[in-house]
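A short write-up of the structure that comes next.
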Amino acid sequence: MEFTPQWSAHDLAEHDRQHVWHPLTQHTPYLAGQHPLIIARGQASTVFDTEGTPYLDAAAGLWCVNVGYDRQELIAAGIRQLQELAYYPLTQSHPAAIRLAARLAEYLVHTPHFFFSNSGSEANEVAFKAVRQYWRQQGYADKTKIISRYRGYHGSTLGALSATGQPERKRGYGPLAGDFIQVSPPYCYRCPFGLSHPTCGLQCAADFERRIQIEGPDTVAAVMVEPVIAGGGVLVAPPGYLAAVEAICRRHQVLLIVDEVVTGFGRTGRMFGYEHDGVSPDVVTMAKGLASGYMPIGATAFSQRIFDGFLGDAESGRHFRHVNTFGGHPVATAVSLANLEVLASEGLVERAARLGDYLLGELRSALAGSEGVGDIRGLGLLVGVELVDPSSGGPVSTATMRRVARQLIQNGIVAGKTTDIERDDNNVVILAPPLVMTSEEGDRLVSTLAAGIRNILTGAVPGY
């Protein structure tokens with residue numbers, strides 16, 4: 001068959017089945033004739049498959065299309081940059097990267113130096129390498145350990161996967177990188193300490209201090225946290241948690257890395273999630289919403305203190321010995337700058353806060369008293385609905401979660417869900433729609449999700 005843009009929906013599905021290897025996907029059903037959604041175009045919060053069927057994208061792609069689909073401002077910025085300068089590496093420099101870094105510095109005043117890469121995983125790898133080299137150059141060669149949290153996700157590259165606290169993501173890929181350690185997450189619904197907030201004394205934060213003391217502060221380079229553990233089930237920490245973690249880091253001369261790959265750029269109702277607790281990180285990593293998915297880009301922001309730790313004469317070897325061919329690509333940085341303009345000019349960060357509060361309230365109201373709904377939690381337009389077995393209170397099966405997702409798709413909704421975290425604890429529906437989603441679309445999302453959950457967990461849809 002000749003390769004041509006005029007392929008039919010059937011042709012596309014067949015070639016997908018034969019040639020495309022999809023992430024996080026068992027392909028056996030595809031070999032038997034099924035195929036994934038094949039999305040051909042998008043508009044605002046809606047995507048359309050190859051046959052023109054619309055779907056409300058309540059997952060914003062992979063939680064990244066913050067400003068929505070078909071934003072002509074971003075498309076035009078990319079075209080202009082391609083015409084002006086299609087590529088140049090940041091071993092030297094170019095105007096688009098300089099402008100983006102200067103604009104980001106207006107938001108990230110505590111971390112005003114930016115190293116650009118292509119993804120969140122790579123942004124986190126940059127953070128790990130930089131903090132280890134920093135401490136060695138400060139005379140602390142043993143400060144190499146990175147402490148993160150169970151259920152946290154920091155990426156799929158070897159170092160980022162080692163920092164990730166999801167055993168199923170790691171299974172079969174060992175041995176992983178050394179000196180990565182996990183502690184308990186802030187999971188109030190299933191508190192690992194059997195306590196309740198606010199009488200818990202934030203033991204989930206204190207767990208970092210216990211581990212630092214066990215390992216020895218002279219061996220710990222950094223603590224790494226997401227402001228909200230996103231892919232691990234939308235675990236929203238109680239107020240004051242992140243500030244407590246920061247205080248622990250300062251007491252023990254440990255750097256604080258905040259992973260904003262999911263939570264950055266308005267997702268939580270603030271430009272960056274760490275702002276909710278008023279902390280001052282040493283390192284901030286970002287990707288997804290930086291260009292709203294229109295181009296691949298990641299960035300790692302560093303404090304002045306860390307940046308200065310790499311200064312020396314040309315022969316000192318103190319420079320950061322890391323390079324990325326496409327990091328800070330001219331088109332990606334130009335599109336990112338246009339994306340920031342849209343976020344600001346349309347007030348989308350503030351809108352995410354308002355719509356997120358509305359969505360959370362409507363979900364709690366619609367699902368109140370529903371069997372099988374254990375917890376509904378969120379911050380901004382990042383919401384998790386935890387499903388449980390009505391008889392035991394334990395998590396529903398992964399197969400049940402797949403049925404919920406399929407029924408949503410059948411009713412025109414694409415949503416996320418926890419995948420490959422632990423063997424039997426992948427039971428959270430995740431909603432992270434574009435920040436441009438309308439309240440009417442939010443109402444439709446709530447009613448469709450509530451009906452789908454009830455249908456499956458009460459047996460109205462066979463197979464539970």
Side-chain angles (χ1 to χ4, degrees), residues 110-111 124-155 159-167 170 176-188 191-195 197-198 200-229 232 235-260 273-274 276-285 300-303 305-306 309:
H110 300 292
T111 50
N124 287 332
E125 295 283 353
V126 167
F128 303 146
K129 292 174 73 173
V131 300
R132 286 175 169 176
Q133 185 179 342
Y134 168 80
W135 282 122
R136 180 174 289 273
Q137 293 177 176
Q138 297 301 305
Y140 299 95
D142 294 331
K143 285 177 78 70
T144 58
K145 295 173 184 174
I146 311 291
I147 304 179
S148 54
R149 301 174 298 186
Y150 289 110
R151 297 189 72 89
Y153 180 74
H154 299 292
L161 185 62
S162 301
T164 293
Q166 300 180 358
K170 300 180 179 185
L176 299 179
D179 281 355
F180 288 91
I181 301 160
Q182 279 82 50
V183 298
S184 298
Y187 193 177
C188 290
C191 176
F193 305 97
L195 301 172
H197 188 264
C200 60
L202 292 176
Q203 288 303 303
C204 47
D207 210 24
F208 277 113
E209 188 152 41
R210 283 188 286 269
R211 193 68 199 208
I212 290 170
Q213 290 168 335
I214 290 169
E215 299 294 330
D218 58 331
T219 72
V220 179
V223 157
M224 185 176 210
V225 296
E226 301 166 86
V228 176
I229 293 179
L235 307 187
V236 182
Y241 168 86
L242 196 53
V245 172
E246 181 186 34
I248 290 166
C249 290
R250 303 306 174 220
R251 279 199 295 274
H252 297 287
Q253 201 175 2
V254 169
L255 299 174
L256 176 61
I257 305 171
V258 177
D259 180 340
E260 294 272 4
Y274 73 80
H276 290 278
D277 256 15
V279 301
S280 302
D282 300 291
V283 183
V284 180
T285 62
T300 310
F302 293 99
S303 68
R305 169 193 175 190
I306 294 177

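Position 1 is the first residue of the sequence, and the numbers go up from there. Values in this document were obtained by computation on a predicted structure and should not be read as measured data.
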Are any side-chain N or O atoms of Arg305 and backbone N or O atoms of Asp282, one a donor and one an acceptor, separated by less than 3.5 Å? no
Leu161 versus Lys170, closest heavy-atom pair with distance: O-CE, 3.1 Å
Answer yes or no: is there a donor N or O on one side and an acceptor on the other, between the side chain of Gln137 and the main chain of Gly309, under 3.5 Å? yes
Judged by atom type as modelled, is there a donor-acceptor pair below 3.5 Å linking the side chain of Glu260 to the main-chain atoms of Thr285? no
Under 3.5 Å donor-acceptor, Lys145 side chain and Gly216 backbone: no
Any chance the rings of Phe180 and Phe128 have centres within less than 6.0 Å? yes
Give, for atom OG1 of Thr164 and atom CE of Met224, the distance between the pair rounded to the nearest 0.5 Å. 8.5 Å
Check for a donor-acceptor pair, side chain of Asp277 on one end and backbone N or O of Leu242 on the other, with a separation under 3.5 Å. yes
Note: Pro281 and Tyr274 closest approach over all heavy atoms is CD-CE1, 3.7 Å
Is Glu246 paired with Arg250 through a side-chain N to carboxylate O contact shorter than 4.0 Å? yes
Would you check if there is a donor-acceptor pair between the side chains of Arg210 and Gln203 at a distance under 3.5 Å? yes
Hey, does the side chain of Asp259 reach the backbone of His154 with a donor-acceptor pair shorter than 3.5 angstrom? no
